Undergrad: 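Below is a structure I'd like to ask you about.
Every value quoted in this text rests on a predicted model; they were computed, and no experiment measured them. Count residues from 1 along the sequence.
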Amino acid sequence: VVEKDRRFAPLLAQVQQRFGHVRLVWADALTAPLPAVDAVVANLPYGTALPLTFRLLEQRFGRAVLLYQMRLARRLAAQVGEPHYGRLSVAVGRLATVELLEAVPPTAFCPEPEVESCLVLLRRTRPRFSVPDEGFFRQVLEGLFRRRTAPLAAALESLETAGGRRGRMGAGVESRLLDKQVARLTPRELGRISWALWRSAPHGPHGG
């Protein structure tokens with residue numbers, strides 16, 4: 001158990017009394033070394049759920065059952081062509097399968113939040129396709145999906161304008177993809193696009 005809020009000490013002490021094998025680590029899961037595990041169960045703080053998810057995906061594990069805000073859970077699980085499909089669906093889906101298990105109403109919490117929650121099952125997999133660099137790939141996704149309804153060519157032009165290097169980026173992108181709407185690009189296609197951008201602008205799509 002990794003926890004940084006000492007206010008939970010009395011409750012966690014009760015857990016340890018009941019389950020003698022529980023080891024408690026007082027630390028911030030965003031920065032502390034994470035133990036090697038086969039499975040993860042966590043009620044993620046909603047404010048840090050995304051960075052914790054990506055940090056977890058850097059580890060080797062079999063499966064994780066995690067509690068998310070429903071809106072985020074739908075974004076993680078969305079497929080191409082669905083309304084919630086976007087950068088998170090692609091980035092997380094490259095490394096894990098995502099399954100929505102169960103909606104959790106506000107009445108399950110004390111105090112009750114103002115949002116609905118969802119239990120999500122992540123199964124860690126081998127990367128489904130290669131990318132030049134994880135951080136660069138997420139940066140590309142974020143930039144492209146800002147114009148999710150635009151053709152890829154227009155979205156690439158926006159990246160060039162932001163980086164101040166018109167005409168250099170996207171030179172190696174497959175021409176058949178340029179007229180395709182960003183939100184209709186498959187994860188593998190986005191992976192190939194990131195490779196093309198990496199080769200034409202190796203320091204990132206926003207300058208450097």
Undergrad: For L30 and P51, which heavy atoms make the closest approach, and how far apart are they?
TA: CD2-CB, 3.7 Å

Undergrad: Taking the side chain as every heavy atom from C-beta outward, state whether R75 and R87 have any atom pair closer than 4.5 Å.
TA: yes

Undergrad: Answer yes if V37 and L24 sit in the same cluster of Ile, Leu, Val, Met, Phe, Trp and Tyr residues linked by side chain heavy atoms under 4.5 Å apart, and no otherwise.
TA: no

Undergrad: Would you say D133's side chain and F136's backbone share a donor-acceptor pair under 3.5 angstrom?
TA: yes

Undergrad: Of all the heavy-atom pairs spanning G143 and L159, show the shortest one and how long it is.
TA: CA-CD2, 3.7 Å

Undergrad: Can you see which heavy atom on G93 is nearest to which on R128, and at what distance?
TA: O-NH1, 2.5 Å

Undergrad: Measuring from atom CG of L121 to atom CZ of R63, what distance do you get when rounded to the nearest 0.5 angstrom?
TA: 7.0 Å

Undergrad: What heavy-atom pair brings V104 and A108 nearest, and what distance separates the two atoms?
TA: CG1-CB, 3.6 Å

Undergrad: Got a salt bridge between R146 and E142, using NZ or NE/NH1/NH2 to carboxylate O under 4.0 Å?
TA: yes

Undergrad: Would you please test Y46 and V115 for side-chain contact (heavy atoms from CB on, under 4.5 Å) and show each step?
TA: CA-CA 11 Å; Y46 289 169; V115 296; 4.1 Å; yes

Undergrad: L177 versus I193: any side-chain heavy-atom pair under 4.5 Å?
TA: yes

Undergrad: Under 4.0 Å between a side-chain nitrogen and a carboxylate oxygen: does that hold for R147 and E157?
TA: no

Undergrad: To the nearest 0.5 angstrom, please state how far the CD atom of E99 sits from the CG atom of L76.
TA: 13.5 Å

Undergrad: First locate atom CG of D38, then atom CZ of F61, and finally report the distance between them rounded to the nearest 0.5 Å.
TA: 11.0 Å

Undergrad: Side-chain contact test, heavy atoms from C-beta onward, threshold under 4.5 Å: evaluate it for L185 versus V90 and give yes or no.
TA: no

Undergrad: With no hydrogens and no angle check, is any side-chain donor or acceptor of Q69 less than 3.5 Å from a backbone partner on R71?
TA: no

Undergrad: When you group the ILVMFWY residues by side-chain heavy-atom contacts below 4.5 Å and let the links chain together, are F145 and V98 in the same group?
TA: no

Undergrad: Working note: Y68 + T53, criterion side-chain contact (heavy atoms from CB on, under 4.5 Å); need CA distance, chi angles, decisive distance, verdict.
TA: CA-CA 10 Å; Y68 291 97; T53 298; 2.7 Å; yes

Undergrad: When rounded to the nearest 0.5 angstrom, what distance separates CG in L190 from CG in L144?
TA: 6.5 Å

Undergrad: Is M70 reachable from L66 through a run of hydrophobic residues whose side-chain heavy atoms are each under 4.5 Å from the next?
TA: no

Undergrad: Out of curiosity, does V120 fall in the hydrophobic cluster containing L101 (side-chain heavy atoms, cut-off under 4.5 Å, transitive links)?
TA: no

Undergrad: Under a 3.5 Å distance rule, please check whether E3 uses its side chain to pair with a backbone N or O of W26 as donor and acceptor.
TA: no

Undergrad: Step through the shown structure and confirm whether more than 12 heavy atoms of other residues, nucleotides or ligands are within 6.0 Å of CZ on R184.
TA: no

Undergrad: Output the distance between atom OG1 (T125) and atom CZ (R94), rounded to the nearest 0.5 Å.
TA: 9.0 Å

Undergrad: Whether the side chain of R55 engages the backbone of A29 through a donor-acceptor N/O pair (distance < 3.5 Å, no angle test) should be reported.
TA: yes

Undergrad: In terms of hydrophobic clustering (I, L, V, M, F, W, Y; side-chain heavy atoms under 4.5 Å; direct or indirect links), are L100 and L72 co-clustered?
TA: yes

Undergrad: Atom CZ of residue position R176 - does it have more than 12 heavy atoms of other residues, nucleotides or ligands inside 6.0 Å?
TA: yes

Undergrad: Please find the pair of heavy atoms, one from A96 and one from L57, that lie closest to each other, and give the distance.
TA: CB-CD2, 4.0 Å

Undergrad: Does the structure place the NZ or CZ of R74 under 6.0 Å from the centre of the six-membered ring of Y85, at an angle of no more than 45° from the ring's axis?
TA: no

Undergrad: Could you give the distance from CD (Q16) to NE2 (H21), rounded to the nearest 0.5 Å?
TA: 10.5 Å

Undergrad: Applying side-chain contact (heavy atoms from CB on, under 4.5 Å) to F137 and S194, what does each step give before you reach the verdict?
TA: CA-CA 6 Å; F137 182 54; S194 74; 3.6 Å; yes

Undergrad: Please evaluate residues L44 and L67 with respect to the criterion side-chain contact (heavy atoms from CB on, under 4.5 Å), reporting the C-alpha separation (whole Å), side-chain torsions for both, the decisive distance (0.1 Å), and the verdict.
TA: CA-CA 6 Å; L44 298 176; L67 191 65; over 6 Å; no

Undergrad: For F129, does the CZ atom have more than 12 heavy-atom neighbours from other residues, nucleotides or ligands under 6.0 Å away?
TA: yes

Undergrad: Are the side chain of R124 and the backbone of L95 linked by a donor-acceptor contact shorter than 3.5 Å?
TA: yes

Undergrad: Under 4.0 Å between a Lys/Arg side-chain N and an Asp/Glu carboxylate O for K180 and E189?
TA: yes

Undergrad: Please report the shortest heavy-atom distance between L122 and V92, naming the atom on each side.
TA: CD2-CG1, 4.4 Å

Undergrad: Are the side chain of E82 and the backbone of Q79 linked by a donor-acceptor contact shorter than 3.5 Å?
TA: yes

Undergrad: Is the closest side-chain heavy-atom distance between S117 and N43 below 4.5 Å?
TA: no

